[in-house]
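A, B, ... follow the sequence lines: proteins, then strands. Residue 1 opens every chain. Computed from a predicted structure; not experimentally measured.
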2 protein chains.
Amino acid sequence: MRDFDIDRIDGGAGVDAGKAVVITDGVAVPGFVMSFARNSEVYGEEEAAGFVYRVVSGVVRTVHMLSDGRRQVAAFHYAGEVFGLEAGELHRLCAEAVTDCRIAVVHRAALDRAAREDGAAARELWALAVRDLQRLQDHLLLLSRKGAVERVAGFLAEMVERTHAEDGVDLPMSRSDIADYLGLTIETVSRSFTQLERDGVIGLSGARRVALRNRDALADCAA
Amino acid sequence: MRDFDIDRIDGGAGVDAGKAVVITDGVAVPGFVMSFARNSEVYGEEEAAGFVYRVVSGVVRTVHMLSDGRRQVAAFHYAGEVFGLEAGELHRLCAEAVTDCRIAVVHRAALDRAAREDGAAARELWALAVRDLQRLQDHLLLLSRKGAVERVAGFLAEMVERTHAEDGVDLPMSRSDIADYLGLTIETVSRSFTQLERDGVIGLSGARRVALRNRDALADCAA
DNA sequence: CGTCCCCTTGAGTTATTTCAACACTCGTGG
DNA sequence: CCACGAGTGTTGAAATAACTCAAGGGGACG
């Protein structure tokens with residue numbers, strides 16, 4: 001199955017040493033942009049980690065599968081975010097397109113070289129890794145000590161913050177993705193949404209559009 | 001309360017620009033070593049993150065507290081491990097001594113300088129951060145999708161691996177620490193230990209000494 | 001010897017999961 | 001245009017895993 005396309009970035013003015021792709025504000029290295037269809041795989045678990053990725057448009061999830069079918073969504077990545085940066089030689093998670101996506105791809109070696117030659121670039125990459133670390137720590141707290149409604153409220157609060165939403169959020173991911181992100185079942189996620197709606201915290205217009213009725217109450221529910 | 005002591009490291013040969021403290025194999029910067037009593041605080045939540053720490057001896061835990069008293073142990077740190085490395089200006093967790101500890105302390109600024117001047121040092125620090133990230137990802141999986149016995153077995157497996165234990169492990173931390181690390185109650189942790197013992201996976205000689213009866217079975221239980 | 005702290009065990013309760021049924025949306029094809 | 005089916009989300013009822021509350025055991029230390 002070929003569910004992606006290489007979509008060479010148009011060079012623009014003055015880019016010659018390969019097509020330049022921006023990875024963070026201060027880091028641009030040769031690379032290209034690819035399109036991925038909804039639910040297609042960007043890279044697989046245990047695959048060689050030769051590339052690093054940045055979401056140009058769309059949303060990506062990183063996923064862990066257990067042998068018995070239990071699934072865990074480790075993170076969602078929005079436009080502008082970098083993923084696939086690994087310590088070892090292999091990807092420890094698999095990455096999939098939640099929506100149709102355009103994704104910038106660069107050689108890891110090129111990024112390593114940029115980091116070695118440019119201190120500022122190295123620090124930006126460092127900052128990226130540490131931000132991931134802190135998101136993960138927050139998520140850990142959510143998973144270890146919070147109830148179902150708190151988790152869902154926390155998830156919504158995170159999405160509101162990350163998309164800089166004012167009056168409502170679109171959720172591109174399915175209930176199943178949310179459940180596997182929060183360590184719940186889809187039924188429990190669904191019930192928590194309904195409860196938040198009953199409590200006047202949110203409004204639902206279709207499963208994937210959430211209106212913010214009371215942001216303070218949402219923050220409270222997230223505890 | 002003064003529950004720590006500054007224990008100047010003896011300079012050794014040729015160290016002159018301040019006492020040198022090793023942070024990782026390739027990174028040594030000026031610093032000092034302090035002693036902390038069991039259960040004393042190394043640094044507090046929301047405190048300025050001006051220092052970085054390395055465990056010389058003993059075990060340290062990093063902890064998150066929720067307003068309503070719920071507690072989460074984010075990680076345990078053994079001898080040789082670095083903690084307290086933050087992205088922002090403040091510590092997001094608090095660090096406490098699980099046992100009496102000796103801890104090497106360096107100025108964060110000194111470490112930043114070392115990283116800026118020495119590419120190899122920067123890469124070692126990067127590796128540290130990424131290793132933390134991966135531990136955290138594994139822990140996330142454990143918390144989101146595993147049952148009580150699986151969590152406890154996973155915890156034991158982690159401790160066995162990290163202490164390079166052959167026939168058994170000493171657990172310096174209390175049941176309460178383990179519970180807050182695994183997102184369970186002390187009662188459930190206790191029951192899970194008993195069940196692993198009944199199933200012939202481990203042996204218990206006192207609450208804090210675990211004998212490995214069947215490593216394969218332990219790995220199975222951890223799933 | 002007694003006290004304190006930590007750990008274990010039991011019994012009843014609660015939150016979440018499981019299983020099952022049904023509703024809605026969206027293409028496709030008659 | 002409507003019928004159909006697949007995919008996705010909601011809801012209810014029963015089952016279960018973990019939690020809470022309560023009591024008791026055992027070691028360390030004064």
Side-chain angles (χ1 to χ4, degrees), chain A residues 37-39 61 66 68-73 98-100 142-156 170-199 202-210 221 223, chain B residues 37-39 61 66 68-73 98-100 142-156 170-199 202-210 221 223:
Chain A
R38 201 164 89 88
N39 288 325
R61 63 177 173 254
L66 275 69
D68 60 356
R70 285 178 291 189
R71 195 178 81 128
Q72 206 230 342
V73 172
V98 172
T99 62
D100 291 342
L142 186 123
L143 287 174
S144 69
R145 285 279 167 237
K146 293 191 177 174
V149 178
E150 284 176 308
R151 293 189 199 191
V152 171
F155 167 74
L156 287 174
D170 280 305
L171 300 176
M173 65 291 284
S174 68
R175 290 289 186 266
S176 162
D177 283 338
I178 299 174
D180 289 338
Y181 181 62
L182 298 178
L184 300 168
T185 58
I186 54 175
E187 293 95 331
T188 303
V189 169
S190 182
R191 283 186 249 269
S192 301
F193 271 106
T194 7
Q195 179 172 338
L196 287 171
E197 186 180 30
R198 264 203 313 272
D199 296 350
I202 60 172
L204 291 170
S205 17
R208 298 190 177 200
R209 173 74 197 173
V210 176
C221 293
Chain B
R38 201 163 88 87
N39 287 325
R61 62 177 173 253
L66 273 70
D68 60 356
R70 285 178 291 189
R71 195 177 80 127
Q72 205 230 343
V73 172
V98 172
T99 63
D100 291 341
L142 186 124
L143 287 174
S144 70
R145 284 278 168 239
K146 293 191 177 175
V149 177
E150 286 176 307
R151 294 189 198 191
V152 171
F155 167 73
L156 287 174
D170 279 306
L171 301 176
M173 65 291 284
S174 68
R175 290 290 185 266
S176 161
D177 284 337
I178 299 173
D180 289 339
Y181 181 62
L182 298 177
L184 299 169
T185 57
I186 53 173
E187 294 95 332
T188 303
V189 170
S190 182
R191 282 187 250 268
S192 301
F193 271 107
T194 325
Q195 179 173 336
L196 287 171
E197 186 179 30
R198 264 202 313 270
D199 295 349
I202 59 171
L204 291 169
S205 18
R208 298 191 177 200
R209 173 72 197 174
V210 176
C221 292

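Looking at A:Arg175, its side chain does come within 3.5 Å of a backbone N or O of A:Ala207 through a donor-acceptor pair. One N or O on the side chain of B:Arg151 and one on the backbone of B:Leu182 form a donor-acceptor pair closer than 3.5 Å.
Using a cutoff of 4.0 Å between basic side-chain nitrogens and carboxylate oxygens, A:Asp100 and A:Arg38 are not scored as salt-bridged.
Atom CZ of B:Arg145 is separated from atom P of C:dT16 by 13 Å (rounded to the nearest Å). The interatomic distance linking A:Gln195 (CD) with C:dA15 (C1') rounds to 12 Å, in whole Å. Summarising the geometry, the separation between CD on B:Glu150 and P on D:dA17 is reported as 12 Å, rounded to the nearest angstrom. Between A:Arg70 atom CZ and D:dA17 atom C1' there is a gap of 14 Å when expressed in whole angstrom units.
Shown here are the side-chain hydrogen bond (donor to acceptor under 3.5 Å, both in side chains) partners of B:Arg71, two or more places apart in sequence or in another chain: B:Asp177, B:Asp180. Residues forming a side-chain hydrogen bond (donor to acceptor under 3.5 Å, both in side chains) with A:Ser174 (at least two apart in sequence, or on another chain): none.
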Determine, for nucleotides 7-14 of chain D in 5'-to-3' order, which nucleotides have protein heavy atoms under 4.0 Å from the base (write B), from only the sugar-phosphate (write S), or from neither (write -).
-SSBBBB-
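Taking every heavy atom of both residues into account, B:Phe193 and B:Val210 meet most closely at CE2-CG2, 4.1 Å.
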